[in-house]
Every structure is written in C-alpha cells, then in structure tokens.
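Here the structure comes first, spelled out in structure tokens, and everything after it is commentary.
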Amino acid sequence: MSSKGKILILFAAIIAGGFGLVLWKGKPGGHGGALTKVTKEEMEMLVKDLNPMQQRMLAESPDQKKELAKNLQEFLAIASQARKEGYADKPEVKEELEYMHKAILALSYDKVKNKDKPMPPLSMITEAQVAEFWGEDPAKAAEKKEGEMQPGGMPPQPQQQQPPAQQPQPEQAQPKEEPKEAEAPKAKPSQLVIAAPAESEGFFASLMEKIGLGSASAAAKVRRHEADFKKFLDAQKKLETEKGQRPEGQEMSPEQIQQMRDSFARFSIYAEEAESKMDELGEEFAKKVEFQTKIQQSQLLAQLYAKEKLVPQLEVKEKDIEKYIADHPELLKEQKAKADDVLKKAKDGGDFEALAKEFSEDPGSKEKGGLYEDVPLGQMVPAFEKAALALEPGQVAPELVKTKFGYHIIQLVKKGKAKGPDGKEVDAYDARHILISTTYKDPANPMQQEMPLDAYVDGLLKKEKQDKILADILKNNPIEVATDFTVEAPPMPQQPQMPPGAQLPPQPPAGEQDQPDEAPKEAPEPKKDEPKNDKK
C-alpha cells in the first residue's frame with residue numbers, strides 16, 4: 001500500500017470487515033468519544049468477526065498481530081489529534097458522529113433479535129412500521145410498495161369511481177335503516193383522544209404535546225423524525241462534498257433521498273427498541289456497542305483529518321527526487337555503466353539501428369531500430385527533444401540524456417514537416433534512440449515488482465515524511481493497544497465428498513499412466529500397383 005493510501009485508510013480493512021457494520025449515521029446522546037486505550041478483551045472482540053483467512057493469518061503470525069496493534073494505535077492517535085483540533089465540533093461532522101451510535105445500536109440489536117434467521121440486516125422491519133415512523137397510513141404504504149413491485153415498474157392505476165347517482169343498484173332491495181347519529185372517530189391504539197371545542201384545539205394540542213399524550217404527541221414525534229432526517233441529510237450532502245465524493249452544488253437524486261429516508265427510519269426503529277430493552281440486553285451488549293461506536297467515529301475523524309491536514313504534507317517535489325538520486329549514485333551504478341558502454345559503441349561508428357535492436361529497452365521502438373518518425377514538436381519529454389534538435393542529421397548526441405524513463409542514446413535522422421492531428425503541417429523530426437531503463441527493485445521487499453526509479457524514490461521519501469508525521473502525532477496522543485490478545489484460527493474448510501460410486505478409478509503409478517499396453521503399429525505401405533488412399 002502506498003504511503004498516501006495507508007495514512008488515508010489506516011485500519012480500514014478492519015473497520016469495514018471486522019464488525020460487518022454498515023457505516024450509517026446516528027445520535028448517541030453522549031456515546032462514543034476519544035478512544036485512548038484498547039484492552040486485550042476489546043482486541044479479541046475486534047478480530048472475532050474478521051474473515052477466516054485474516055483470522056488464520058493473525059493466529060499463525062505474532063508479527064502480524066503486532067502490526068495490527070501498531071496500525072490501530074496510529075489510526076486512533078490521528079483521530080485523537082483531529083478531536084483536539086476541533087474536527088468533531090463541525091456541525092456536519094458532529095451530526096455524523098452522533099448518528100453512528102444509532103446505526104451500530106440498531107445493527108447490533110438486529111443480530112441479537114434475529115440471530116436464528118439468516119436475513120439481511122434490518123429486513124425484519126415491516127413497511128407498516130416504516131410508514132408509522134413517518135406518520136403515514138400503513139395500509140396505503142403497503143399498497144404503494146406492491147405497486148412498485150409490479151412488472152414494468154408501473155404503479156397501479158386507480159380505478160375510476162362512478163358518481164353516486166350512476167352507481168348500479170343491487171337487484172334485491174335492502175331494508176331501510178333508521179338514521180344513526182354520526183359516530184365519533186375511533187381512537188388509534190395507545191392514543192388518548194380528548195374532545196375539545198374548535199377554538200381551543202391549539203391550546204389542547206400544545207398541552208398534549210407537552211405532557212406526551214394523545215395524537216398531539218404522535219404528531220410531535222413525527223415532526224421530530226422529519227427534523228432529524230433533514231439534519232442528517234444536510235450533513236450528508238456537506239460531508240460528501242468535503243470528501244470529494246460529490247461535486248459542489250450537485251443534488252442527490254430523489255431515488256437516493258428515498259433510499260436514505262427508508263434506511264434512516266429502519267435504523268431509528270430498532271435503535272429506539274434497543275434503548276427500551278437495554279436492561280434485558282445486558283452489560284456486555286452495551287460495552288460492545290460503545291466500543292464499536294468509538295472505533296467507527298475514530299475512523300471518520302481520522303479520514304477527514306488525514307485528507308485535509310496530513311496528505312498535503314506527504315507531497316514530494318521533483319527536485320527532491322533528483323537530489324536524492326544524485327546523492328545516491330549507487331542506485332544507478334549498473335544502468336549507468338551499461339548506457340556508457342552502448343554510447344561509446346554508437347560514437348565509435350557502430351550501426352545505430354543494430355545497437356538499438358540489441359540493447360534498447362523501449363518496447364515501442366526496439367524492433368524498429370529505435371526509430372520514431374514524424375514526431376511533432378512538443379510530443380517528447382523536453383530533455384529528449386532538446387538533445388535531438390541540437391544535432392545534425394546522422395549525428396549521435398555526445399552525452400547520455402537522463403529522463404524519468406532512464407538513459408537515452410539519441411541519433412537525429414532528419415528534420416522536416418508532418419501532418420498534425422488537425423491535418424495541418426507542423427514542424428517535426430525523425431530520431432532513433434536506445435533506452436537503458438532505470439527501473440529499480442527494492443532489495444528489502446523481494447515480493448515487490450520493479451518500478452521506475454523516480455517512483456521508488458518518491459515512495460521512499462513519502463514514507464520518511466509519513467513516519468515522522470505519525471511519530472509526532474503518537475507523541476502528542478499516547479494510545480495504549482494490547483498486543484497479547486488471542487486469535488483462534490478457524491478450522492480449514494473441508495473438501496466436498498463425492499457420492500459413492502462417483503469416485504475416479506485408482507491411477508497407475510507416476511510414469512506408467514501414459515504408457516499404452518502395446519506400441520502403436522505403423523500403417524503398412526501400400527502395394528506398388530495400389531494407389532495411396534489420402535482420405536482419413
């Protein structure tokens with residue numbers, strides 16, 4: 001992983017895969033906060049839900065366990081520094097941090113409640129519950145959902161209702177009923193309906209809302225849900241813009257908003273239900289939710305802080321790379337010696353085309369003897385073009401030309417004109433070159449592939465900067481992370497057994513299985529008077 005990638009997503013694999021949680025947002029009411037110490041038990045909780053391959057790797061390698069603890073320590077230190085610098089107090093970040101607790105609480109509760117049902121998270125919440133959360137008619141919500149599921153995606157068309165005078169009358173006359181007094185509206189379950197004069201409805205509604213009774217309380221709850229969702233949605237828009245995930249001023253689509261609205265309701269429903277049952281769920285459940293909340297909140301803070309404050313500090317300038325290479329000539333010792341030898345051959349009158357085919361490491365021109373034809377001015381890198389145009393046709397550049405690709409031995413073939421992309425004539429030239437590439441393989445990392453030397457040095461200098469940045473942050477934000485945690489390696493998956501009678505027959509010993517019982521005989525030669533049959 002590159003230095004920039006590591007500092008941006010420290011510990012991201014554990015965050016995304018370890019808990020199996022969706023990063024959604026919620027309101028903890030004081031939950032979460034800075035995490036400065038991770039115990040042995042918490043580390044074991046953290047790795048418990050990793051995938052089997054990760055668990056097996058940690059169980060078999062003490063070094064991997066130490067590396068995991070170190071990465072977590074750095075990640076939490078960055079989050080702690082972000083809090084010190086006020087990132088957690090930004091309105092949109094605060095809303096995001098607050099909502100995370102609700103999401104984690106809801107998903108954790110879902111696992112406990114539906115542990116025996118292999119269902120997607122929160123899928124046991126019904127459409128009627130979601131409709132009630134928003135103060136909608138559950139029956140209409142169900143009809144709407146069914147309409148959305150119709151073939152073609154077209155909602156059902158409402159039936160045309162005939163006017164009362166034109167409605168067909170039943171064949172059998174119905175007995176007349178005595179007119180009844182208008183029935184009072186039926187109260188919904190758990191609602192207290194108080195009759196009141198029209199002029200005093202505002203007073204009673206306000207009173208019911210204050211004391212938490214009746215339909216006024218239900219309406220207030222719906223209004224609170226709508227207000228909370230608006231705050232959440234506004235925070236999401238701003239955060240996505242800050243992270244570069246959404247261009248400034250671009251709005252979410254109605255489908256995106258509806259999806260987020262539905263998820264918001266589901267998280268809220270289970271979070272509220274879990275809050276009411278915390279005594280039943282127990283202390284261990286509460287501790288796990290609290291720890292996971294702190295980890296998730298730390299991830300967000302570390303990501304935002306790293307992107308805005310740390311990544312710009314990792315920038316390496318081209319002059320820094322050139323200076324490092326100049327100060328470490330041993331990095332190019334072999335390539336430089338080879339390029340000097342080929343240059344001497346070319347200057348001594350050697351066939352440049354043949355030399356290019358033998359020594360050049362440029363796949364684009366090697367087989368053509370190093371030839372590039374009709375090269376418009378400005379197409380090649382400046383150092384190459386400057387050296388080529390300083391020559392006369394047939395002349396070889398007296399010195400090696402160094403670019404980020406390696407060492408070039410250059411011969412000018414001709415100067416002239418060529419057609420540009422727009423069809424107009426432009427100044428151009430033909431040149432041959434021999435490239436001795438300056439790719440480099442890190443001796444400390446045998447698994448790494450060769451790369452251009454400039455890229456290797458760029459990564460090296462960025463790592464030096466990163467190590468210094470992290471050391472300073474760790475010094476100012478001490479974090480304790482246990483390294484003596486235990487990881488139980490999951491059992492290896494068993495190979496599926498073939499049913500009886502489906503096994504392959506036993507194979508002969510190696511070296512004998514391809515030998516036929518008898519060597520094939522050659523076809524007999526046809527008789528002289530008999531024509532050969534060429535048909536198979």
Side-chain angles (χ1 to χ4, degrees), residues 316-418 420 426-461:
V316 175
K317 297 181 179 179
E318 189 173 345
K319 64 179 183 180
D320 298 328
I321 296 174
E322 292 173 354
K323 183 178 184 307
Y324 185 92
I325 294 175
D327 292 343
H328 297 80
E330 70 278 5
L331 295 173
L332 295 173
K333 185 177 179 180
E334 293 183 9
Q335 293 96 325
K336 179 71 164 51
K338 182 179 179 180
D340 283 335
D341 183 59
V342 176
L343 175 62
K344 184 176 184 304
K345 288 179 168 58
K347 289 169 67 176
D348 289 347
D351 186 328
F352 201 98
E353 182 177 350
L355 290 171
K357 290 181 177 180
E358 181 178 358
F359 295 106
S360 182
E361 296 172 5
D362 174 18
S365 66
K366 178 182 177 71
E367 297 306 320
K368 296 186 293 184
L371 179 63
Y372 279 105
E373 296 180 283
D374 297 329
V375 181
L377 295 185
Q379 180 172 305
M380 294 295 194
V381 293
F384 182 100
E385 188 166 279
K386 182 179 179 181
L389 295 179
L391 303 173
E392 295 298 326
Q395 190 176 6
V396 175
E399 303 291 340
L400 297 173
V401 177
K402 175 73 171 62
T403 71
K404 65 180 180 179
F405 303 103
Y407 292 107
H408 302 265
I409 296 110
I410 301 173
Q411 182 188 55
L412 180 68
V413 177
K414 70 172 185 178
K415 298 178 184 177
K417 300 283 185 179
V426 295
D427 291 330
Y429 60 95
D430 293 358
R432 294 184 187 274
H433 88 126
I434 301 168
L435 172 67
I436 306 301
S437 176
T438 52
T439 56
Y440 186 81
K441 185 175 178 64
D442 184 2
N445 189 356
M447 301 300 293
Q448 190 179 64
Q449 295 182 343
E450 287 191 2
M451 63 179 69
L453 181 62
D454 286 20
Y456 168 75
V457 173
D458 179 75
L460 198 66
L461 295 178

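Being a predicted model, the structure only gives us computed values, none of them experimental. We use all heavy atoms of the structure for the numbers below, so side chains are in, but hydrogens, waters and symmetry mates are not.
Rounding to the nearest 0.5 Å places CZ of Phe352 at 8.5 Å from CZ of Arg432. Distance OH/Tyr407 to CG/Leu435: 11.5 Å, rounded to 0.5 Å. Taken to the nearest 0.5 Å, the CD1 atom of Ile410 stands 12.0 Å off from the NZ atom of Lys386. Here the CD1-NZ distance, from Ile434 to Lys366, works out to 9.5 Å after rounding to the nearest 0.5 Å.
Residue pairs meeting the salt bridge (charged side-chain N to carboxylate O under 4.0 Å, His left out) criterion with at least one member in residues 342-352, sequence neighbours excluded: Asp341-Lys345, Lys344-Asp348. Applying the salt bridge (charged side-chain N to carboxylate O under 4.0 Å, His left out) test to every pair with at least one member in residues 440-458, sequence neighbours left out, gives these pairs: Asp458-Lys462. Every pair passing side chain to side chain donor-acceptor pair (under 3.5 Å) that includes a residue from residues 393-403 is listed here, sequence neighbours excluded: Thr403-His408.
With sequence neighbours left out, Tyr324 forms a ring-ring contact (aromatic ring centres under 6.0 Å, His included) with His328. In this view, Lys336 and Asp340 satisfy the side chain to side chain donor-acceptor pair (under 3.5 Å) rule, not counting sequence neighbours. Qualifying side chain to side chain donor-acceptor pair (under 3.5 Å) partners for Lys323, counting only residues two or more places apart in sequence or in other chains: Asp327. Contacts of Glu353 classified as side chain to side chain donor-acceptor pair (under 3.5 Å), with partners at least two apart in sequence or in another chain: none. Applying the ring-ring contact (aromatic ring centres under 6.0 Å, His included) test to Tyr456 and every residue at least two apart in sequence or in another chain returns Tyr440. Shown here are the salt bridge (charged side-chain N to carboxylate O under 4.0 Å, His left out) partners of Lys417, two or more places apart in sequence or in another chain: Asp427. Considering only residues two or more places apart in sequence or on other chains, Lys338 meets the salt bridge (charged side-chain N to carboxylate O under 4.0 Å, His left out) condition with Glu361. With sequence neighbours left out, the side-chain contact (heavy atoms from CB on, under 4.5 Å) criterion links Ala390 to no other residue.
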Give every donor-acceptor pair under 3.5 Å between a side-chain atom in residues 370-378 and any protein atom, sequence neighbours left out.
residue, atom, partner, partner atom, Å
Tyr372, OH, Asp362, OD2, 2.7

